[in-house]
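Whatever order the structure lists them in is the order used to number ligands and atoms, beginning at 1. Just so it is clear, the model here is predicted, and its values are computed rather than measured.
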Amino acid sequence: MSKSEFHRIRRLPPYVFAEVNAMKAKARAAGRDIIDLGMGNPDQPTPQHIVDKLVETVRDGRTHRYSTSRGIPGLRRALAGYYARRFDVRLDPEAEVCVTLGSKEGLANLAQAITAPGDTILTPNPSYPIHPYGFIIAGAAIRHVELAPGRDLIRDLARSAEHSVPAPTAMILNFPSNPTALQVDRDFYREAVALAKSRGMFILSDIAYAEIYFDTPPPSILEVEGAFDCAVEFSSLSKTYSMPGWRIGFAAGNRELVAALTRIKSYLDYGAFTPIQVAATAALNGPQDCVEAARTLYRERRDILIDGLAKAGWAVPRPTATMFAWAPLPEPCREMGSLAFAKLLLEEADVAVSPGIGFGEYGDGHVRLALVENKHRLRQAVRNIRAFLAKRGVQAAKLAEPVA
Ligand SMILES: Cc1ncc(COP(=O)(O)O)c(C=O)c1O
């Protein structure tokens, strides 16, 4: 049997981003300065007090032993403290919180824990790839539900639930959304919980961008009455505290789901390295001005990019949260699809972006631009893109209004 025939590997299509990444690497090897707005990888270092806590803790040899798979008690309590402060939600750190090795690991392993082969799962599309693929790897069938501004996602999810055989076991929500940057309010979550309960579904909510907002703070689904009956929510320190490499996230909410994840993880890992968990506790319990500073930084970058692109004739909606702009392909390039456009932009403008098709079929009319380069380089990216568009007849002078 060849590798390509392995049951689970066969279910994974070629990674779309790999094509652009390979081109990017080749261009860099050839000495070109590529401005990388591709991956959502925070570029800022982790705040000093968190790093200091890691260093202090790692000097104590007792912390070098196996840790606790579901997370040290102090860190679970710190997450409960965050939910109480931020969302006015009470969590029992013993039964309603599990620490994960990044939220991605938690999502994937919960999918493994709760899925029987052939189960149906509802996933908004476009989406962060682990949302569908965690379940696809686990043997589920995915029903993709289009996510776009102006569409009624609850109505579309309800219709999909009604017409799915077997009836879906779970649906995934991710707001603020990667890649679309769309946000929802509490009413949306109320309707989602009502739908889930009426159809006997679980909800997996991912709020990785809950603290990267520029306007209205995003709510948690756990604020809504009845949510604990059906929903588990994944949060992460990766974006909030610029800690993507540390691999710390959380699952919180419904006891049955938290117990399932805790149990499967107890077979798979020994938890994150204790000094990382202690430093993560310091992040949640410590001063929060670093989070406000991150918001300010992303807001400034957002405005440079969105205003600059508008002046170049490319109207891109101004995101109200996340570190992404979700940009419809500009007029002259609309027909070529997002992968061809991303390749062309890299070749001609030295700017790397993520093709929307990498987030699912409904993403193909867009590319995602991540705000992970400094202001100076973002301005350079805008100049390069302006020249790229001008070559295709887009008038920089004909001012396109940025969409609010
Ligand atoms: C929506 C979403 N969820 C989860 C993650 C992964 O977060 P973590 O680093 O906690 O695994 C990301 C990272 O880009 C993301 O965009």
Side-chain angles (χ1 to χ4, degrees), residues 15-17 21 36-44 46 50 71 75 78-79 82 97-112 123-135 137 147 153 171-184 203-213 218 220-221 231-252 261 265 268-269 271-273 276-277 279-280 283-284 291 294 298 319-326 353-354 356 358-360 363 366-372:
Y15 196 50
V16 179
F17 303 123
N21 287 344
D36 193 356
L37 311 181
M39 200 176 167
N41 194 354
D43 60 311
Q44 295 298 298
T46 304
I50 303 172
L75 181 52
L79 185 81
Y82 162 73
V97 177
C98 181
V99 178
T100 62
L101 306 172
S103 54
K104 194 178 187 187
E105 179 268 331
L107 281 156
N109 277 326
L110 183 60
Q112 289 289 346
T123 319
N125 181 305
S127 72
Y128 180 57
I130 199 65
H131 295 158
Y133 285 106
F135 279 101
I137 293 167
L147 170 67
L153 181 63
M171 63 179 177
I172 304 194
L173 299 175
N174 165 222
F175 295 102
S177 149
N178 176 10
T180 67
L182 291 171
Q183 281 189 259
V184 294
I203 298 178
L204 278 63
S205 166
D206 175 348
I207 56 164
Y209 297 97
E211 300 307 327
I212 312 297
Y213 60 84
S220 155
I221 195 169
V232 71
E233 190 158 74
F234 291 88
S235 52
S236 170
L237 300 192
S238 297
K239 323 287 167 167
T240 310
Y241 301 100
S242 274
M243 294 172 69
W246 298 53
R247 314 310 302 129
I248 289 285
F250 304 91
L261 178 60
K265 277 175 63 61
L268 294 172
D269 67 65
F273 188 37
I276 291 180
Q277 296 197 54
L284 285 169
V291 184
Y298 288 127
T320 58
T322 78
M323 52 205 281
F324 305 116
W326 184 237
V353 298
S354 291
F359 303 97
H366 290 72
V367 287
R368 191 194 71 179
L369 293 84
L371 304 167
V372 291

Subject >> Within-shell test, E105 vs ligand 1, heavy atom, strictly < 4.0 Å >> reply: no
Original post:
Which protein heavy atom lies closest to atom 11 (O) of ligand 1, and at what distance to 0.1 Å?
Top reply: R247 NH2, 2.8 Å
Subject >> Test item: S236 side-chain N/O and G249 main-chain N/O as donor-acceptor pair under 3.5 Å >> reply: no
Original post:
What is the nearest protein non-hydrogen atom to atom 9 (O) of ligand 1, stated with its residue, atom name and distance?
Top reply: S238 OG, 2.5 Å
Original post:
If you count the atoms of ligand 1 from 1 in the order shown, which ones are under 4.0 Å from a heavy atom of K104?
Top reply: 11 (O)
Original post:
For atom 7 (O) of ligand 1, which protein heavy atom lies nearest, and how many Å away is it?
Top reply: S103 OG, 3.1 Å
Subject >> Interfacing atoms of ligand 1 (cut-off 4.0 Å, heavy-atom, A208) >> reply: 2 (C), 3 (N), 4 (C)
Original post:
So, does Y209 use its side chain to make a donor-acceptor pair with the main chain of P176 at under 3.5 Å?
Top reply: no
**OP:** List the closest protein heavy-atom neighbour of atom 1 (C) of ligand 1: residue, atom name, distance to the nearest 0.1 Å.
**Re:** D206 OD2, 3.3 Å
Original post:
Of all the atoms in ligand 1, which lie at a distance below 4.0 Å from a heavy atom belonging to N174?
Top reply: 1 (C)
Subject >> Pair Y82-F250, ring pair (Phe, Tyr, Trp, His ring centres under 6.0 Å): steps then yes or no >> reply: CA-CA 12 Å; Y82 162 73; F250 304 91; 8.4 Å; no
**OP:** Verify side-chain contact (heavy atoms from CB on, under 4.5 Å) between K239 and Y298, making sure each step is shown before the conclusion.
**Re:** CA-CA 11 Å; K239 323 287 167 167; Y298 288 127; 6.0 Å; no
**OP:** Before giving the answer on side-chain contact (heavy atoms from CB on, under 4.5 Å), spell out for E105 and D269 the whole-Å C-alpha distance, their side-chain angles and the decisive distance to 0.1 Å.
**Re:** CA-CA 11 Å; E105 179 268 331; D269 67 65; 3.8 Å; yes
Original post:
When only distance counts, is N178 in polar contact with ligand 1, meaning an N/O pair under 3.5 Å?
Top reply: yes
**OP:** Evaluate the side-chain contact (heavy atoms from CB on, under 4.5 Å) criterion for residues I248 and I276: first the C-alpha distance (whole Å), next the side-chain angles of each, then the deciding distance (0.1 Å), finally the verdict.
**Re:** CA-CA 8 Å; I248 289 285; I276 291 180; 3.5 Å; yes
Original post:
Under the 3.5 angstrom rule, does the side chain of S235 hit a backbone N or O of A208 as a donor-acceptor pair?
Top reply: no
**OP:** Report the nearest protein non-hydrogen atom to atom 6 (C) of ligand 1: residue, atom name, distance rounded to 0.1 Å.
**Re:** Y128 OH, 3.3 Å
**OP:** If you have a sec, work out which protein heavy atom is nearest atom 13 (C) of ligand 1 and how many Å separate them, to one decimal?
**Re:** K239 NZ, 3.0 Å
Original post:
For ligand 1, is any non-hydrogen atom under 4.0 Å from Y209's backbone (N, CA, C, O), its side chain (CB onward), both, or neither?
Top reply: side chain
**OP:** Check I221, V232, I172 against I203 for a side chain to side chain contact (heavy atoms under 4.5 Å, CB included) and give me the one that passes.
**Re:** I221
